[in-house]
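This report concerns only the one structure given below.
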There are 2 protein chains.
Amino acid sequence: MPSDQTPWRPIPEDVSLATVAARAGVSVSTVSRIVNGEMRRASPATVARVLEAVEAVGYRPNPVGRALKRGQSQLVAMIAANLDNPAMATIASSTEAALREAGYVMVLCDTHDRPELQDEYLEAMRAQMVSGYVLVAAVPSPGLSELSASRAPAVFVNRRNPGGSGAFVGIDDRAAGATVADYFIDRGRRALAVVFPRLGSSASRDRASGFLARLRERGWADEAIIQAAGDGRSHLQIGYDAGSRIFVGSDAPDAILSVSDQIAYGLNRRALECGLKIPDDCELVSIDGTPLNQWVAPWLKSIEIPYALYGAEIVAGLQLIWRGAPFGERLLPCKFG
Amino acid sequence: MPSDQTPWRPIPEDVSLATVAARAGVSVSTVSRIVNGEMRRASPATVARVLEAVEAVGYRPNPVGRALKRGQSQLVAMIAANLDNPAMATIASSTEAALREAGYVMVLCDTHDRPELQDEYLEAMRAQMVSGYVLVAAVPSPGLSELSASRAPAVFVNRRNPGGSGAFVGIDDRAAGATVADYFIDRGRRALAVVFPRLGSSASRDRASGFLARLRERGWADEAIIQAAGDGRSHLQIGYDAGSRIFVGSDAPDAILSVSDQIAYGLNRRALECGLKIPDDCELVSIDGTPLNQWVAPWLKSIEIPYALYGAEIVAGLQLIWRGAPFGERLLPCKFG
DNA sequence: GACAGATTGGCAAACGTTTGCCAATGTCAC
DNA sequence: GTGACATTGGCAAACGTTTGCCAATCTGTC
């Protein structure tokens, strides 16, 4: 609980519409209208006088007063599953930049993948009268259903809306999986494996199933492919555990698709412990491809998801929705290399 | 610019003090007082009736109205230099959790280390009437000076207030550097180096100078130690570039202190390219020690900074300041391993 | 000179909250 | 019965903004 006896108060934003109005010798309403660009409601002379006064006293509209009146703040909520994941941090960073550019302020919430916390945040953000929601890897929850039903402006990122439709920014996960399948086949790999979280997002699932589907198309039997699903929250651990199962015995794969960088890190660690060298003994391809890889994991080949571009797309999506235009989904192109 | 013709409006928080007041048959003021815990202003019967009504209609105070009246919102601004850095992401994540716990909402701003942007954000946050500021690796700027002068509640993290005093959460950087110096000496290392950013923060400087000072204490001449200062924003690149200078020639060091993980990543990459193996050919110790290291950089030994604990300390600091208590600095203990 | 119509600008209410002040009622002692 | 005093609760203003509506002035035409 915040202390009730706060000795410090923010410097009162001593310059308000009233200050400007007084200086320009007009009423508050006139200033408000001019500040909001409604120029036709005043004579050019008045407009000039008001703008001069605005400049002179350094007036900046108070977002709180405005929010109260308009019933909507300049805040946009980003509700992310796990900030500690570098991919999410990059998304957060680029979104923040794009929002600022558009005149909004980002509020960041980390749900740690927990539905109750997600709902708590959704409620809190609604109370803050946020203008929109950015849901990064949202989990199913009652509050999320309500949100969908309320038609509030929301953009889902990475994971589609678990319960229904909604604007989406991400990549073509199935195609990404398929690309890796083609790559492995064309390289003459014979023993394939795919590692993914058992309780994963739509994204994880689609990547794995796109991979398997393409293999099937090209004549591989499902049984020929090792599928290692891992439990738990940490992709690192999932990868490590999967490695424990995959790398033992004589039928170790010679090529593995890991649906995320972190799973690949875990796999590599276990591979090292088993005396296997990647990529020499077993090729490893992940889908993520954060820039850090080239520094700390040069052994990892990746489908590179352009997370740094997400922010711009997300904000473009929000803006479309705000003006009532439809925004289905935006799948960004990936580089494979 | 946000569209002016927004078709969607947040569901009006249809339940306000007035709703509760009507249902309980009392005035708005009474409800307000009771909701704020001022129980003595009403008879037990009234209190009960009001609380029942609050429950029944599901009343939640509107933070915007409250902020406008109080001149202070429940928002706390975190102004960080670079979210893409995993250490900062961890700090952001833990701070966010601690703030939520305390009933606050975190607004995240990424300055990309640019003073103008930092000032823009400081101004914007002031306009939002935030309750406090968390400045992670703040850079010197006019706005920051103003902030210090205004005595606004602020906690500096990692880097001390570049212009003056202020609450600080971090580690004992000089001691960390000294620890590494002792370690190298005790391990019998003979050719030492330290790599740091030329235009670094107080933290980087202190780590390097703590290292050098301890070496001096123990009889090493400054000239005997390779000091590689790097330019630029990216620590990865700084490390890589420093490696280019350090690893060539015959007098390569057998032990290096890197003041951050990322510099160490860059160093390692360059070492590999030079055919050197870490830690066999050259021991590398960094100060940071993010958990990711054990997965992707097992070759790296680190002073581990407990970033995940920062959030709690930061919020504790803010709360002390809010209630007028002094909060100088809090140096967290590090693990070396 | 009068009237229609456009132009210009102010009044006041409203958003949801907090809080100083006052009014009404109750309690007690004399 | 009267006065002092505590208890209980409401009125109304204020925070900074937006906006519907009305009033005043101006422009032009007959």
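Fair warning: this is a prediction, and the values are worked out from it, not measured in the lab. Quick note: numbers below take in every heavy atom, side chains included, and nothing from hydrogens, waters or symmetry partners. Below, chain A is the first sequence line, B the second, and so on; all start at residue 1.
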Query raised in the report: Does the side chain of A/Thr30 get closer than 4.0 angstrom to OP1 or OP2 of C/dG10 through an N or O atom?
Result: yes
Query raised in the report: When you check the phosphate oxygens OP1 and OP2 of C/dT7, does a side-chain N or O of A/Ser43 lie under 4.0 Å from one of them?
Result: no
Requested in this report: Check the distance between C/dC15's C1' and A/Met129's CE and give it to me in whole angstrom.
Outcome: 7 Å
Requested in this report: Side chain of A/Pro61 only, please: which of D/dC15, D/dG9, D/dT17 is the nearest?
Outcome: D/dT17
Requested in this report: Can you tell me the distance, in whole Å, between the CE atom of B/Met39 and the C1' atom of D/dT7?
Outcome: 17 Å
Report task. When you get a sec, tell me which of D/dT18, C/dG10, C/dT8 is the closest nucleotide to the side chain of A/Leu17? Result -> D/dT18
Query raised in the report: Strictly under 6.0 Å, is that where the ring centroids of B/Trp322 and B/Phe327 end up?
Result: no
Requested in this report: Using a cut-off of strictly less than 4.0 Å, decide whether A/Asn36 has a side-chain nitrogen or oxygen near OP1 or OP2 of D/dT18.
Outcome: yes
Requested in this report: Compare side-chain N and O positions of A/Arg70 against OP1 and OP2 of D/dT18 and report whether any pair is under 4.0 Å apart.
Outcome: yes
Query raised in the report: Under 4.0 angstrom, heavy atoms only, what part of the nucleic acid is A/Val28 near: base, sugar-phosphate, or nothing?
Result: base
Query raised in the report: Of all the choices, C/dG10, D/dT19, D/dA14, which nucleotide is nearest to the side chain of B/Lys69 once you look at every atom?
Result: D/dA14
Query raised in the report: B/Arg40 has an atom CZ; how far is it from atom P of D/dT8, in whole Å?
Result: 11 Å
Query raised in the report: Of the non-hydrogen atoms in A/Tyr121 and A/Asp110, which two are nearest, and what is the gap between them?
Result: CE1-O, 3.5 Å
Report summary line: Atom CD1 of B/Ile34 and atom P of D/dG10 are separated, to the nearest Å, by 9 Å
Query raised in the report: Under 4.0 Å between a side-chain N/O of A/Arg33 and OP1 or OP2 of D/dT19, yes or no?
Result: no
**Report entry** Check: D/dC11 base within 3.5 Å donor-acceptor of B/Ser29 side chain
**Finding:** yes
Query raised in the report: Rounded to whole angstroms, how far apart are CG on B/Leu68 and C1' on C/dT18?
Result: 10 Å
Query raised in the report: Reckon B/Thr46 has a side-chain N or O less than 4.0 Å from the OP1 or OP2 of D/dG9?
Result: yes
Query raised in the report: Side chains of B/Ser148 and B/Asn161: do they bring a donor and an acceptor to under 3.5 Å?
Result: yes
Query raised in the report: Hey, does the side-chain of A/Arg41 have a donor or acceptor N/O within less than 3.5 Å of a partner on the base of C/dG9?
Result: yes
Query raised in the report: Any luck finding a side-chain donor-acceptor pair between A/Ser43 and A/Thr46 under 3.5 Å?
Result: yes
Report summary line: The side chain to side chain donor-acceptor pair (under 3.5 Å) partners of A/Ser165 (sequence neighbours excluded) come to none
